[in-house]
2 protein chains.
Amino acid sequence: MESRNFILSSLSASEEALIRPHLEPIALPHKLTLFRPDEVITHIHFIEQGCASLLNTLPDGDTVEVGTIGNEGMVGTPVLLEADRMPCQCDIQIPGNGWRMPSAAFKAAVRQSDTLRGKLLRFTQAHFNQVAQSAACNRLHTIEERCARWLLMCRDRVGDDFPLTQEYLAIMLGVRRAGVTVTAKLLQNAGLIAYTRGRITILDPDGLEDVACDCYRITRDEFRRLIPKGEAYSDPRGKRTP
Amino acid sequence: MESRNFILSSLSASEEALIRPHLEPIALPHKLTLFRPDEVITHIHFIEQGCASLLNTLPDGDTVEVGTIGNEGMVGTPVLLEADRMPCQCDIQIPGNGWRMPSAAFKAAVRQSDTLRGKLLRFTQAHFNQVAQSAACNRLHTIEERCARWLLMCRDRVGDDFPLTQEYLAIMLGVRRAGVTVTAKLLQNAGLIAYTRGRITILDPDGLEDVACDCYRITRDEFRRLIPKGEAYSDPRGKRTP
DNA sequence: GACGGTCGGTACGCTACCGCGCAGAGGGAG
DNA sequence: CTCCCTCTGCGCGGTAGCGTACCGACCGTC
């Protein structure tokens, strides 16, 4: 299937026959919620363009991002893992578009194809790695390292230029907005990024990678290993926008 | 099957026939490594008694625990997710015993039973939730909250009294040993725990729960929902040692 | 019963980050 | 052109936890 989504574009004819008929195109505007904490996930999503965040909001209201999902996989792994829901929320962070599919149809498709399930499970492992890396990273690394890492992960999914306010970046990193301002200024002064009023541009990905902690590389390399077409995923020199 | 492990004890006769013949009893002494970063996982493990830690060691040598596994599930989820390995290490933190099974036999068993796979996938989701919660918790909560949470999670798996030095607890929490000493002293003075030279006793689990962050409850409740016999898992009033 | 190793207690200066709050700059709507 | 709102810049006092270092208490062993 012709698609920017790595899972969809890797489907064999027989796999596609199970999935395709149930796909419905969907716009993914900023802040759209794909699923909520502890509510049954009715649809899974394949993102073509843009980026979703797996958010953990604690009872006191503080929110942190624990994972990011773009065109490399699916949104709704709890459905695949037969749990139907989870205590996190998933919101669109960078707008784009994609496909959605009812959970029931998705479960039926997975039951009928071992190879399809395999691809999805491997993505799930890559996603798990990412969250596990975040757990360590959130504990040990500075704002600057984590900020650089986050921007690179975003770039791998949506390209060099995307809408993003410091306010939201602060939520992603689980820090104060003022802390992001200081850090962003540093990165800008170093010529690594540019930004103006809610729009950010990556100028020097290699330089940014030097600033980022190793968590970026570790997570990215596992994505490359585990995801169909992963060798194409996030090539630092590659241009993903035609 | 008669077992303290919730997965094993929930197996139907047909599931047991797929698993049982391949199980080999194994002692789980402190510091035993069940799998290493980026090395193929040759055996999966079912813990009967004791507790394993999923550890993330960064290139600079710092180590943090990102997840805990005891008798509620299996060690080796990357095998189930068809990824064979992952960038974390899994060590025994609290000694005990269990069973191991070659990965190949495990994969064959899972292929032959959808219900078995379902149970294992649901555990995987619960484990994923735990790691996702840790990512947020590590970012937002104080040493004291996280220490109380960790001790409670341990208690749910191994009982009220277990060997544990402050040195190791510090690694688990990703903080200095001196920081743990201060915190442990606070908890001890409050009458919540007691400890002497590498041995810790939970005196007041309810009091400890008041000190712990909500992350504890959130993770535990999802374990209860998703794991076979989960309703028995970690009942705060229950006694798990006969 | 002397010895060495492990474990826990404490102290001190330091820094990354927080909470709060305000001010200015850009941009869209009327 | 003006108004208002969003976004960014910045300052200031406060603090949790760090790095380092030292010391005493306990324990097994020979």
Side-chain angles (χ1 to χ4, degrees), chain A residues 29-31 58 60-64 93-95 136-151 161-190 193-201 211-213, chain B residues 29-31 58 60-65 93-95 136-151 162-190 192-201 211 213:
Chain A
H30 185 219
K31 292 193 190 184
L58 296 149
D60 56 27
D62 278 333
T63 299
V64 201
Q93 205 48 242
I94 296 176
C137 191
N138 283 346
R139 183 81 269 285
L140 296 174
H141 296 141
T142 62
I143 293 186
E144 192 170 7
E145 290 171 305
R146 290 187 293 124
C147 182
R149 168 176 173 244
W150 198 90
L151 293 175
D161 186 84
F162 44 91
L164 178 71
T165 65
Q166 298 187 355
E167 179 80 43
Y168 274 87
L169 185 48
I171 294 172
M172 297 302 99
L173 302 177
V175 299
R176 285 177 319 148
R177 201 262 314 149
V180 170
T181 301
V182 172
T183 305
K185 204 105 227 298
L186 285 175
L187 297 178
Q188 169 140 295
N189 291 344
I193 64 171
Y195 59 92
T196 49
R197 293 187 70 72
R199 183 141 210 107
I200 197 157
T201 307
V211 174
C213 47
Chain B
H30 185 220
K31 292 193 191 184
L58 297 149
D60 57 28
D62 278 334
T63 298
V64 200
E65 189 199 55
Q93 205 47 241
I94 295 177
C137 190
N138 282 346
R139 182 82 268 286
L140 296 174
H141 296 141
T142 62
I143 294 186
E144 192 170 5
E145 290 171 306
R146 290 187 293 124
C147 183
R149 168 176 173 245
W150 198 90
L151 292 175
F162 45 90
L164 178 70
T165 65
Q166 297 189 355
E167 178 81 44
Y168 274 86
L169 185 48
I171 295 173
M172 297 302 100
L173 301 177
V175 299
R176 286 176 319 148
R177 200 264 312 153
V180 170
T181 300
V182 172
T183 305
K185 203 104 225 300
L186 285 174
L187 297 177
Q188 169 141 296
N189 290 343
L192 304 177
I193 63 171
Y195 58 92
T196 49
R197 291 188 73 71
R199 181 139 212 109
I200 197 157
T201 307
V211 174
C213 47

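Just so you know, these numbers come straight off a predicted model, no measurement behind them. In the text below, chain A, chain B and the rest are named by the order of the sequence lines, each starting its count at 1.
Among the nucleotides dG9(D), dC17(C), dC7(D), the one closest to the side chain of Thr165(A) is dC7(D). Nearest to the side chain of Ile143(B), among dG17(D), dG9(D), dG9(C), sits dG17(D).
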From CA spacing to verdict: side-chain contact (heavy atoms from CB on, under 4.5 Å), Val175(A), Arg139(B): CA-CA 9 Å; Val175(A) 299; Arg139(B) 182 82 268 286; 3.3 Å; yes
Evaluation steps, side-chain contact (heavy atoms from CB on, under 4.5 Å), between Tyr168(B) and Val180(B): CA-CA 10 Å; Tyr168(B) 274 86; Val180(B) 170; over 6 Å; no
Step-by-step side-chain contact (heavy atoms from CB on, under 4.5 Å) determination, Leu164(B) to Trp150(B): CA-CA 12 Å; Leu164(B) 178 70; Trp150(B) 198 90; 3.6 Å; yes
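Under the 4.5 Å side-chain criterion, counting only non-hydrogen atoms from C-beta, Arg149(B) is in contact with Cys137(B).
Residue Tyr195(A) has no polar side-chain atom (N or O) positioned under 4.0 Å from OP1 or OP2 of dG26(C). Between Arg139(A) and dC18(D) there is a side-chain N or O to OP1 or OP2 distance below 4.0 Å.
At whole-Å resolution of the value, NZ in Lys185(B) and C1' in dG17(D) are 19 Å apart. Between Glu167(A) atom CD and dC5(D) atom P there is a gap of 16 Å when expressed in whole angstrom units. The CD atom of Gln188(B) sits 12 Å away from the C1' atom of dG9(C) (whole-angstrom rounding). Atoms CZ (Arg199(B)) and P (dG28(D)) sit 13 Å apart, rounded to a whole Å. In this structure, the CD1 atom of Ile200(B) is 13 Å from the C1' atom of dC7(C), given to the nearest Å. Summarising the geometry, the separation between CG on Leu140(A) and P on dC17(C) is reported as 12 Å, rounded to the nearest angstrom.
For the pair Gln166(A) and His141(B), nearest-nucleotide mapping onto DNA chain D gives the more 5' position to Gln166(A). Nearest-nucleotide mapping onto DNA chain D: of Arg197(A) and Ala184(A), the residue sitting toward the 5' end is Arg197(A).
Here Gly198(B) lies in heavy-atom contact (under 4.0 Å) with sugar-phosphate atoms only.
Side-chain atoms of Glu144(A) do not come within 3.5 Å of backbone N or O of Val211(A) as any donor-acceptor pair.
Residues from residues 168-178 of chain A placing a heavy atom under 4.0 Å of any atom in DNA chain D, listed by number, are Arg177(A), Ala178(A).
Looking at every heavy atom in both residues, Tyr195(B) comes nearest to Thr181(B) through OH-O, 4.4 Å.
The line from SG of Cys147(A) to CD1 of Ile193(A) is 6.0 Å long, rounded to the nearest 0.5 Å.
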